[in-house]
Structure formats: C-alpha cells, structure tokens
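Please read the structure below before turning to the comments.
Because the structure is a prediction, the values reported are computed rather than measured. Sequential numbering from 1 along the given sequence is applied to the chain's residues.
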Amino acid sequence: MQTRKHLLGLEGMPREEIQSFLDTAKSFLEVLSRPIPKVPILRGITVVNLFFEPSTRTRIAFELAEKRLSADTLNFAASSSSVLKGETLKDTARNIEAMRINVVVIRHSAPGAPHFLANCLKSSVINAGDGAHEHPTQGLLDIFTLREHFGSLENLNVLIVGDVTHSRVARSNIHGLTTMGANVSVCGPATLLPFEAESLGVTLVNNLDDALSETDAVNILRIQLERQKTGLFPSLREYRNLFGLTMDRLEKVGRDIVVMHPGPINRGVEIDSEVADSKYSVILQQVTNGVAIRMAALYHVVGASGLVESN
Ligand code: CP
C-alpha cells in the first residue's frame, strides 16, 4: 500500500498511487457488505470533520467511513462555532488539534485552505472540497465507480458536462482520469469551459449530441444556480435545451452510456429525473463507493503516520 501524510488533490498524483487507493477501496467495499460492516483498523485514532460549507454526501460518507474503521469521530459545523465570533481558520484548527486529533477532514470555500492547514498542523489533512480547486475523494470515487463498471480505465472515453471552470469535481476527475489513461472530453457553454483545456489534457466539445456519440460514460455536473446571476449562461431553459441530459438525447445514441452525477442534482436542469433514476444511472453506486473511498483515504493517511500497519 502507498501512503501519504495528506490527501490534498489528485493533480500530480502518480498512477500507482491512484491504483493503490482504488485497490484499498475495493477491499473496504467488501467490508461494507458484511453483516457487521466494521473493522478495528483505526481504533485509537481521532478524526475531526471540519465543514465550513454545506455537505450531505461527503460529510456523512466521511463520518460513516470513520465509524466503519472504528476511529473516534468529531463533527464541526462553522455555523455553530466560534468562527462566528471571528476566530481564524488557523486558530480554530490549532485549538481542535490541541485536543489530540490525528486527522483533519476539511471542506472550505477558499481554494488552498487544506494546504494551508497541512502547513500549520501536525495532523494529517484530507481535502473534502476546497472552493473551485479540488475534491480528491470525489474524483477517486468517480474513478473507482468507472473501474468497477468497465474493469479498466485505459482508453475509456469519459465526457464531463457542465460548469467545468468552477467545478472542483471536474478538476479532480480530469487530473485522475487522464493519469489513469482515460480520454476525457468536456462539454458545456463556452463561458463555463476552462481556457487551459490543452494543458489539462482534455478535449473541448461544443455539441452535446456529438459528444455523447463518442462516449462510454458521462459525468454531469451540478449547475451552480448562483452562476446564472453572473450572466455566464442566459437561462436555465436554454441550458437544459442545449446541455441537459434527457432520455431522448441518451436513447438517440443507440447504445448504453453510464450516467454519473456527483450530487446534489438539479432535476430538470442538468439532468432529467427519468435519466437520473434509469438503468443507465450509477449515481447511488457512486454514493456507496464514496464510503469505501473515504475509508481508503483515512487508512492511507493514517498509515503514513505509522499508527497503523500497512499491508
Ligand atoms: N458530491 C458532493 O460533494 O456532495 P456534497 O456537497 O453533498 O458533499
């Protein structure tokens, strides 16, 4: 098993290490299917989940992963903390660490917040989403879900649709998938696609129907409704007409395409309900796999501290 003290992003992570996370997650997926889905691997380890932004899937998956590994878990919500009295991120984290914490899981609206904590704490830090920068455990769970479905990622055609520029999910997927040998395309309004596509190793496609005809799996991003006010796309109706994943659009392709979405879903905007709930969708499998990936993330960072035995 490959270990690292912090899990901050997938950019630059070597293929062998991504592979190692996926393999560990595969073993933990088996643990999750047991009648008693719990192992004592992180007994004695304390993890704090520092969430400065709302979350359903990531926060609960981390908490469940911690419990499944027998770690002690603490949850912090900025909205009911001394952050409201003006306490800084550094002071908040250092005070919590002084209570003898081993791992900090952080979600924050500021890109780089986990990297900042990694520099000022002795604990391991896991990035649970930092602004529009990265969401490495979401990237890993998406890649894991694809590997479970297709067996291999080499030359797999993956299409990411939507607001790629502002999406930490897209960035982590792009870094991880290209490292693993997949061909990644991105599709959406030109105002929501990244300028640096070439350096990211992805292909830009303007027409969703053309893009779908070449695709094995499509990852639909949530349209961040607040973006509409900034004039980056004209209306939700136009967005749905041009880039919404409808059943008509999917069936026109004439073969099965795997449909993914990191959640939360705007039904009837970026994806129709009948697609999200269809046989093509692996959205809830992504959520299940998310627990196994967070178990793997915790195991790998704690393994780097020498507090657990690596296999
Ligand atoms: N995919 C994801 O990050 O969902 P949450 O915001 O609910 O954690």
Side-chain angles (χ1 to χ4, degrees), residues 9-11 53 109-112 129-136 138-139 142-143 146 155-180 182-253 257-272 275-276 280-281 283:
L10 298 191
E11 183 173 11
E53 265 193 351
S109 58
D130 62 327
H133 179 227
E134 281 227 38
H135 192 347
Q138 180 71 44
D142 289 345
I143 295 167
L146 288 168
N155 290 322
L156 193 69
N157 294 318
V158 182
L159 175 67
I160 301 174
V161 181
D163 183 358
V164 178
T165 299
H166 301 99
S167 171
R168 56 195 176 205
V169 173
R171 293 182 78 81
S172 290
N173 263 271
I174 289 168
H175 290 308
L177 282 168
T178 52
T179 300
M180 297 307 288
N183 307 313
V184 182
S185 303
V186 296
C187 179
T191 47
L192 300 181
L193 295 183
F195 288 117
E196 75 274 31
E198 214 164 281
S199 63
L200 287 170
V202 302
T203 307
L204 297 186
V205 195
N206 294 317
N207 183 291
L208 180 58
D209 297 294
D210 291 346
L212 285 172
S213 68
E214 307 283 328
T215 290
D216 299 307
V218 58
N219 200 345
I220 306 291
L221 302 175
R222 178 176 74 91
I223 271 295
Q224 300 177 30
L225 298 174
E226 62 277 15
R227 300 273 170 234
Q228 203 204 331
K229 298 190 196 100
T230 62
L232 289 169
F233 60 95
S235 71
L236 292 179
R237 182 183 296 187
E238 183 171 311
Y239 183 88
R240 180 182 180 277
N241 287 343
L242 292 174
F243 300 106
L245 193 61
T246 62
M247 193 54 94
D248 274 358
R249 210 159 232 156
L250 203 52
E251 291 195 329
K252 223 164 51 186
V253 178
I257 292 178
V258 168
V259 175
M260 307 170 78
H261 192 305
I265 295 173
N266 296 307
R267 290 175 181 262
V269 181
E270 72 265 6
I271 187 168
D272 276 5
V275 175
Y280 303 108
S281 166
I283 294 171

Is there a side-chain contact between Asp142 and Gln138 in this structure, where contact means two heavy atoms from C-beta onward sitting under 4.5 Å apart?
yes
What's the separation between atom CD1 in Ile271 and atom CG in Leu221, rounded to the nearest 0.5 Å?
11.0 Å
Any non-hydrogen side-chain atom of Ile223 less than 4.5 Å from a side-chain atom of Phe233?
yes
Kindly determine whether Asn266 and Leu236 satisfy side-chain contact (heavy atoms from CB on, under 4.5 Å), including the steps that lead there.
CA-CA 11 Å; Asn266 296 307; Leu236 292 179; over 6 Å; no
Going by heavy atoms in the side chains, are Thr215 and Ser185 under 4.5 Å from each other?
no
Under the salt bridge (Lys or Arg N to Asp or Glu O under 4.0 Å) rule, what pairs show up with a residue in residues 259-270, not counting sequence neighbours?
Arg267-Asp277
Could you tell me the separation between the CD1 atom of Ile257 and the CG atom of Leu212, rounded to the nearest 0.5 Å?
5.0 Å
Salt bridge (charged side-chain N to carboxylate O under 4.0 Å, His left out) involving Asp210 - partner list, sequence neighbours excluded:
none
Ile160 and Asn173, any side-chain heavy atoms less than 4.5 Å apart
yes
I'd like to check the ring pair (Phe, Tyr, Trp, His ring centres under 6.0 Å) partners of Phe243; sequence neighbours left out, ordered by chain and number.
Tyr239
Check residues 191-200 and write down every donor-acceptor pair under 3.5 Å in which the side-chain atom is one partner and the other belongs to a residue at least two apart or another chain.
from	atom 1	to	atom 2	distance (Å)
Thr191	OG1	Leu232	O	2.4
Glu196	OE2	Arg171	NH1	3.4
Ser199	OG	Glu196	O	2.9

Can you confirm whether Pro262 sits close enough to Asn219 that some side-chain heavy atom of one is under 4.5 Å from a side-chain heavy atom of the other?
yes
Going by salt bridge (charged side-chain N to carboxylate O under 4.0 Å, His left out), name the residues that satisfy it together with Glu53, two or more places apart in sequence or in a different chain.
Arg168
Hey, could you give me the CZ/OG1 distance between Arg240 and Thr246, rounded to the nearest 0.5 Å?
6.5 Å
Could you tell me which residues satisfy salt bridge (charged side-chain N to carboxylate O under 4.0 Å, His left out) with Asp216, sequence neighbours excluded, listed by chain and number?
none
Before giving the answer on side-chain contact (heavy atoms from CB on, under 4.5 Å), spell out for Leu208 and Leu242 the whole-Å C-alpha distance, their side-chain angles and the decisive distance to 0.1 Å.
CA-CA 7 Å; Leu208 180 58; Leu242 292 174; over 6 Å; no
Within a strict 4.5 Å, meaning less than it, do heavy atoms of the Val269 and Arg222 side chains meet?
no
So, for Asn207 and Asp209, which heavy atoms are closest and what is the spacing to 0.1 Å?
OD1-N, 2.9 Å
Pairwise side-chain contact, Glu134 with Asp130, heavy-atom cut-off 4.5 Å (strictly under)
yes
Leu159 versus Ala211, closest heavy-atom pair with distance
CD2-CB, 3.6 Å
Can you find a pair of side-chain heavy atoms, one from Leu146 and one from Leu177, that are under 4.5 Å apart?
yes
Heavy atoms of Gly139 and Ser172 approach each other most closely as CA-CB, 4.1 Å
